[in-house]
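Here is the naming used below: chain letters follow the sequence lines, and residue numbers restart at 1 for every chain.
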Amino acid sequence: MTKTLFRLGYVAMSVNLKNSSPSQTITYKRFSQFADEEAAIQKLETVAKSNIQNCLRLLKHNKANDIHFFRLSSRLIPLATHDALKGWDYISPIKEDLEELGEFAAKHEIRMDFHPDHFVVLNTTKKEVMKTSVKTLDYHHKLLTHMKLKPIHRCVLHLGGKYENKESSLERFISNWALVPARIQEMIMLENDDKTYTLHDILYVCEKLNIPAVFDLHHHMANHEREDWISEWGRVIQTWSASPLPVKMHISSPKSDKQFRAHANMIDPEMFLTFVKKVNGSTPQIDCMIEAKQKDQALFQLVDDLKANSEVEMVDEASFYLKS
DNA sequence: AAGCGTCAAGCATCC
DNA sequence: GGATGCTTGACGCTT
């Protein structure tokens with residue numbers, strides 16, 4: 001059995017690096033209060049530039065800590081997809097910054113992707129929502145291409161809303177998929193959610209449309225037909241067979257029994273190791289996205305816990321094997 | 001500096 | 001069909 005390389009990543013922002021938010025923003029309300037629209041747009045561009053420069057700082061922080069896996073904030077450019085800013089060329093003012101960011105990631109082999117907000121809903125019944133969803137995905141596509149990153153399998157989405165009838169809404173994802181441009185389609189990965197669409201549902205769609213499946217263990221514990229997931233793991237791996245990228249999954253721990261769906265500050269290392277042991281050897285590499293309130297600090301804490309375990313063999317500060 | 005109300009998106013739920 | 005909650009990080013006003 002080949003060993004699996006596990007790499008850890010975290011989401012969008014750091015609790016260690018001060019004043020490094022990649023998600024500073026101007027709300028539409030504030031934007032519309034500017035007397036001078038040109039000044040307002042200039043303000044948006046200043047914020048966008050700062051967000052991307054902060055991303056670069058985060059990437060340097062990642063490099064210093066051997067972190068090769070990172071989720072970018074989807075809020076890099078405030079109001080980029082807002083209706084009131086149609087025609088605004090939001091790329092030109094930050095073109096060089098995006099290139100610099102992408103070059104740094106490429107040079108230091110940092111896998112980057114996005115998780116667009118939950119109002120990107122591809123199984124919607126409304127034409128308008130479909131339009132803004134594709135528009136938002138196109139914004140992500142633009143960011144990726146200007147970072148000179150191949151936009152393949154870079155955006156994790158959920159299947160969408162239930163709309164009273166889960167089965168027909170699931171099928172609507174499949175019929176709406178035909179309305180999505182091919183270059184947007186190839187960016188997408190699909191993740192099981194904690195309320196409606198289970199791993200089983202996601203696999204059905206992923207296999208049908210050839211989309212990689214991102215398994216979220218925490219969501220699965222909150223929402224499943226059967227608690228057992230390992231019997232489906234082979235299918236999850238299989239959805240990645242045509243991808244240039246390694247298998248990716250999401251790891252988080254429940255905040256409490258009462259607030260089970262909410263994310264805890266840290267990752268429960270025992271739960272994580274139990275998972276790791278089950279999937280070890282199934283594929284050469286699994287990138288584990290740590291989704292915890294304490295962001296990079298949760299990753300560092302988990303690494304400390306792993307180092308204390310004699311079954312774990314660290315490769316660097318954020319990657320490891322299980323000893324055979 | 002800290003705390004609280006506000007903002008933004010779409011869906012779910014309730015009336 | 002309209003109001004409210006969900007969720008999250010950030011803004012901005014008040015103390």
Side-chain angles (χ1 to χ4, degrees), chain A residues 10-34 40 43-44 46-55 57-58 70-86 90 114-140 155-170 172-173 176 191-197 201 216 218-219 222-223 250 252 254-256 258-265 289-298:
Chain A
Y10 69 99
V11 177
M13 56 189 279
S14 165
V15 299
N16 288 292
L17 207 60
K18 297 303 167 200
N19 301 310
S20 63
S21 169
S23 314
Q24 285 181 284
T25 197
I26 313 245
T27 61
Y28 178 67
K29 184 165 181 173
R30 291 258 307 138
F31 175 82
S32 59
Q33 284 165 348
F34 276 77
K43 181 74 184 160
L44 291 177
T46 305
V47 170
K49 208 173 173 73
S50 160
N51 284 342
I52 292 163
Q53 284 300 322
N54 280 341
C55 277
R57 290 176 59 209
L58 288 163
F70 184 58
R71 179 188 301 165
L72 292 164
S73 165
S74 281
R75 304 182 185 200
L76 297 177
I77 307 176
L79 304 181
T81 59
H82 201 285
D83 262 351
L85 281 133
K86 264 186 219 156
Y90 53 79
F114 287 107
H115 196 341
D117 285 314
H118 63 281
F119 44 86
V120 172
V121 187
L122 293 184
N123 78 336
T124 181
T125 53
K126 300 182 193 121
K127 223 175 172 177
E128 268 309 301
V129 175
M130 190 68 188
K131 209 175 131 190
T132 55
S133 294
V134 172
K135 188 180 180 182
T136 302
L137 289 171
D138 192 54
Y139 151 81
H140 288 84
C155 286
V156 188
L157 294 183
H158 293 291
L159 216 140
K162 186 164 77 172
Y163 307 93
E164 293 171 345
N165 185 331
K166 188 170 120 170
E167 296 312 315
S168 62
S169 297
L170 185 146
R172 195 177 324 100
F173 184 96
N176 281 359
E191 177 195 355
N192 58 308
D193 70 70
D194 54 2
K195 278 185 167 162
T196 310
Y197 297 103
D201 300 324
D216 187 311
H218 183 191
H219 289 168
N223 177 34
H250 291 170
S252 50
K255 187 171 183 183
S256 64
K258 280 209 167 123
Q259 289 176 276
F260 189 86
R261 286 172 29 238
H263 288 180
N265 283 340
M289 182 57 75
I290 301 302
E291 295 181 328
K293 287 289 255 185
Q294 287 299 301
K295 309 291 178 187
D296 56 333
Q297 192 54 39

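- Using a 4.0 Å cut-off, some side-chain N or O of A:Ser21 falls inside it from OP1 or OP2 of C:dA10.
- Look at A:Arg261 and you'll find a side-chain N or O under 4.0 angstrom from OP1 or OP2 of C:dT7.
- Between A:Asp83 and A:Lys135 there is a salt bridge, since a side-chain N of the basic residue sits under 4.0 Å from a carboxylate O of the acidic one.
- The nearest whole Å value for the distance from the CG atom in A:Leu137 to the C1' atom in B:dA9 is 14 Å.
- Closest to the side chain of A:Met13, from the set C:dT7, B:dC11, C:dG9, is C:dG9.
- Among the atoms of the strands shown, only primed sugar atoms or phosphate atoms (P, OP1, OP2) are found under 4.0 Å from some heavy atom of A:Thr124.
- Just one of A:His218, A:His219, A:Arg71 meets the side chain to side chain donor-acceptor pair (under 3.5 Å) condition when paired with A:Glu291; it is A:Arg71.
- The shortest distance between the side-chain N/O atoms of A:Tyr28 and the OP1/OP2 oxygens of B:dC7 is not below 4.0 Å.
- One interatomic measurement links the two molecules: CG of A:Asp83 to C1' of B:dA9, which rounds to 12 Å at whole-angstrom precision.
- Candidate nucleotides B:dC7, B:dA9, B:dC11 were compared by shortest atom distance to the side chain of A:Thr27, and B:dC7 ranks first.
- Residue A:Gln24 has a polar side-chain atom (N or O) positioned under 4.0 Å from OP1 or OP2 of C:dC11.
- Taking 4.0 angstrom as the limit, A:Lys295 places a side-chain polar atom (N or O) nearer than this to OP1 or OP2 of C:dG9.
- Atom CG of A:Asn19 and atom P of B:dA1 are 12 Å apart (whole Å).
- Rounded to a whole Å, the CG atom of A:Leu159 is 13 Å from the P atom of B:dC11.
- B:dC11 atom P lies 5 Å from atom NZ of A:Lys126, rounded to whole Å.
- Two residues are said to be in side-chain contact when any heavy atoms from C-beta on lie closer than 4.5 Å; A:Val11 and A:Met289 meet this criterion.
- Residue-level contact check: A:Lys195 touches neither bases nor backbone, having no heavy atom under 4.0 Å from any strand.
- Partner of A:His158 under the ring-ring contact (aromatic ring centres under 6.0 Å, His included) criterion, out of A:His118, A:His250, A:His115: A:His115 alone.
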